[in-house]
A.B. asks: 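Shown below is the structure under consideration.
Treat the numbers as computed from the prediction; the structure is a model and nothing was measured.
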Amino acid sequence: MAELTQAAQDGEAAVRAAFRQQAEACAGLGSPFTARLCRLTAERLAPGHGRAARRVLAWPDDPSPRGAAVPLRLTGALHALVLSGRAPELVAVYPPDVPHGDEALWGAVTAALAAHDGFVFDWLDRPPQTNEVQRASGLMAGLLHLADSFGLPFVLSEVGSSAGLNLNLDRFAYRFGARTVGAADSRLTLAPEMRGDLPPDAEVRVAGRQGCDLNPLDATDPEQALRLKAFIWPDQPDRLDRLSRALEIAAEYPPPVVRANAVDWIAARLATPKPGRCHVIFHTIVLQYFPPMAKAAFAVAIERALAAAAPEAPVAWLQMEGDGRHPGAALTLRSSAAPEPRELARIDFHGRWLDWRGA
């Protein structure tokens with residue numbers, strides 16, 4: 001029994017450490033409110049706060065941001081209660097009205113946990129799912145580079161698409177410094193802070209697109225759209241506005257996303273060459289969630305396609321992934337014409353800035 005008690009204590013300590021780690025990440029990514037909420041939860045969440053709280057504190061596997069991301073599951077559930085209007089006590093202390101002390105905020109959180117225990121408990125079942133629209137700035141910069149290199153229309157294959165909003169990237173407008181590219185009349189304009197050079201001035205044409213996800217979301221379903229919005233940090237209204245605009249575009253142009261395992265799906269997508277097209281496989285902050293064997297098999301499938309591609313049907317692999325370096329994430333490219341990995345840019349994890357180096 002003592003051994004079990006120690007195991008439970010160790011598990012709870014890991015959960016609290018995960019909330020502190022998430023607090024640091026949120027602070028670094030410009031969300032002081034979510035950082036504060038995570039710190040309070042690390043310090044104060046107790047089994048007496050309900051069944052959902054006990055589930056969080058006794059999480060059976062890795063609760064960290066690179067594991068089950070338990071802190072984001074809980075903060076997402078609370079934000080969903082705010083966005084849906086289910087918890088007026090939380091609405092009163094959430095952004096934009098945040099001149100409240102820790103006692104008021106935590107009092108509202110515990111009241112919401114008590115009143116909506118079943119909702120929060122069920123919400124914890126599924127991992128966080130985001131569709132960070134501003135990351136499309138890096139993807140578009142990469143496509144501009146490929147358009148300049150190959151001069152061909154693109155077939156896009158996105159892994160880990162979520163609701164597939166970034167499959168509509170050619171339907172957004174982009175402001176790269178003084179240059180605007182993309183759909184000039186789009187209801188969504190992305191304007192990251194530009195560092196370094198500008199990407200090439202080229203024309204991006206999309207001839208086909210599809211994405212896959214283990215748990216795809218339907219961007220036209222209000223409940224699933226709420227789930228996407230809930231994982232936006234509540235003190236970042238600009239991100240929420242971009243997401244809302246992208247959802248409006250998706251309502252007009254529903255992204256084609258299938259439920260599939262990434263390894264099997266990409267192998268099938270790559271099986272048929274696409275003459276006169278450049279086939280681009282892309283993903284953003286996805287590989288860290290792959291089991292090691294799946295990650296290796298995924299890479300092998302793409303590397304084989306790069307090696308086998310004919311000049312008239314080039315293949316490219318565009319990745320925005322964390323690499324343990326700072327600042328931000330790496331935007332890297334491999335193509336059948338240049339198979340060695342090349343870092344095109346560093347980019348903020350939420351796409352707030354883009355340091356282009358690929359020109």
A.B. asks: Does Leu240 form a side-chain contact (heavy atoms from CB on, under 4.5 Å) with Trp233? I'd like the steps, not just the answer.
C.D. replies: CA-CA 8 Å; Leu240 190 58; Trp233 296 331; over 6 Å; no
A.B. asks: With the side chain counted from C-beta on, respond yes when Arg209 and Pro255 share a heavy-atom pair under 4.5 Å apart, and no when they do not.
C.D. replies: no
A.B. asks: Is Ile266 linked to Phe282 within one hydrophobic cluster, defined over Ile, Leu, Val, Met, Phe, Trp and Tyr using a side-chain heavy-atom separation of less than 4.5 Å?
C.D. replies: no
A.B. asks: Check whether Asp323 reaches the backbone of Ala330 with its side chain - one donor and one acceptor, N or O, closer than 3.5 Å.
C.D. replies: no
A.B. asks: Other residues, nucleotides and ligands only: do more than 12 of their heavy atoms fall within 6.0 Å of CZ on Arg304?
C.D. replies: no
A.B. asks: Taking the basic N atoms (NZ, or NE/NH1/NH2) and the acidic carboxylate oxygens, is any pair closer than 4.0 Å for Glu24 and Arg20?
C.D. replies: no
A.B. asks: Using modelled atom types and a 3.5 Å cut-off, is there a donor and acceptor pairing between side-chain atoms of Arg334 and backbone atoms of Pro339?
C.D. replies: yes
A.B. asks: After noting the C-alpha distance and the side-chain angles of Ile281 and Arg269, does the key distance pass the side-chain contact (heavy atoms from CB on, under 4.5 Å) rule?
C.D. replies: CA-CA 9 Å; Ile281 301 97; Arg269 289 282 287 176; over 6 Å; no
A.B. asks: Using a 3.5 Å distance criterion without hydrogens, assess whether the side chain of Arg277 forms a donor-acceptor pair with backbone atoms of Val155.
C.D. replies: no
A.B. asks: State, yes or no, whether a side-chain contact exists between Leu81 and Val120 at a heavy-atom distance under 4.5 Å.
C.D. replies: yes
A.B. asks: Please walk me through it: do Tyr174 and Leu144 pass side-chain contact (heavy atoms from CB on, under 4.5 Å)?
C.D. replies: CA-CA 12 Å; Tyr174 303 83; Leu144 288 168; over 6 Å; no
A.B. asks: Should the heavy atoms of other residues, nucleotides or ligands under 6.0 Å from CZ of Arg205 be counted, would the total exceed 12?
C.D. replies: yes
A.B. asks: In the structure I gave you, are the side-chain heavy atoms of Arg259 and Asn215 within less than 4.5 Å of one another anywhere?
C.D. replies: yes
A.B. asks: Cluster question for you: counting only ILVMFWY and a side-chain heavy-atom cut-off of under 4.5 Å, with indirect links fine, are Phe349 and Leu228 together?
C.D. replies: yes
A.B. asks: Locate the shortest heavy-atom distance separating Leu57 from Ala46; write the atom from each residue and the value.
C.D. replies: CD1-C, 3.7 Å
A.B. asks: Under 4.0 Å between a side-chain nitrogen and a carboxylate oxygen: does that hold for Glu132 and Arg239?
C.D. replies: yes
A.B. asks: In terms of side-chain heavy atoms, does Asp235 have a donor or acceptor partner in Ser31 at a distance below 3.5 Å?
C.D. replies: yes
A.B. asks: Are Phe172 and Phe154 in one and the same hydrophobic cluster, where Ile, Leu, Val, Met, Phe, Trp and Tyr link if side-chain heavy atoms are under 4.5 Å apart?
C.D. replies: yes
A.B. asks: Could you tell me if the ring centre of His283 sits under 6.0 Å from that of Phe290?
C.D. replies: no
A.B. asks: I'd like to know whether Arg55 forms a side-chain contact (heavy atoms from CB on, under 4.5 Å) with Asp125, so could you lay out the CA-CA distance, the side-chain angles of the two residues, the decisive distance to 0.1 Å, and finally the verdict.
C.D. replies: CA-CA 10 Å; Arg55 183 179 182 187; Asp125 282 345; 2.8 Å; yes
A.B. asks: With side chains defined as the heavy atoms from C-beta onward, is the minimum distance between Leu143 and Asp170 less than 4.5 Å?
C.D. replies: no
A.B. asks: Quick check: does any side chain N or O of Asn131 sit under 3.5 Å from a backbone N or O of Ala163, one acting as donor and the other as acceptor?
C.D. replies: yes
A.B. asks: Does the side chain of Leu40 reach to within under 4.5 Å of the side chain of Asp102, using non-hydrogen atoms?
C.D. replies: yes
A.B. asks: Could Glu193 and Arg195 be called an ion pair, given the rule that one side-chain N must be under 4.0 Å from one carboxylate O?
C.D. replies: yes
A.B. asks: Do His350 and Arg242 come close enough that some side-chain heavy atom pair is under 4.5 Å?
C.D. replies: no
A.B. asks: Identify whether NZ of Lys or CZ of Arg in Arg227 sits under 6.0 Å from the centre of the six-membered ring of Trp123 and within 45° of that ring's axis.
C.D. replies: yes
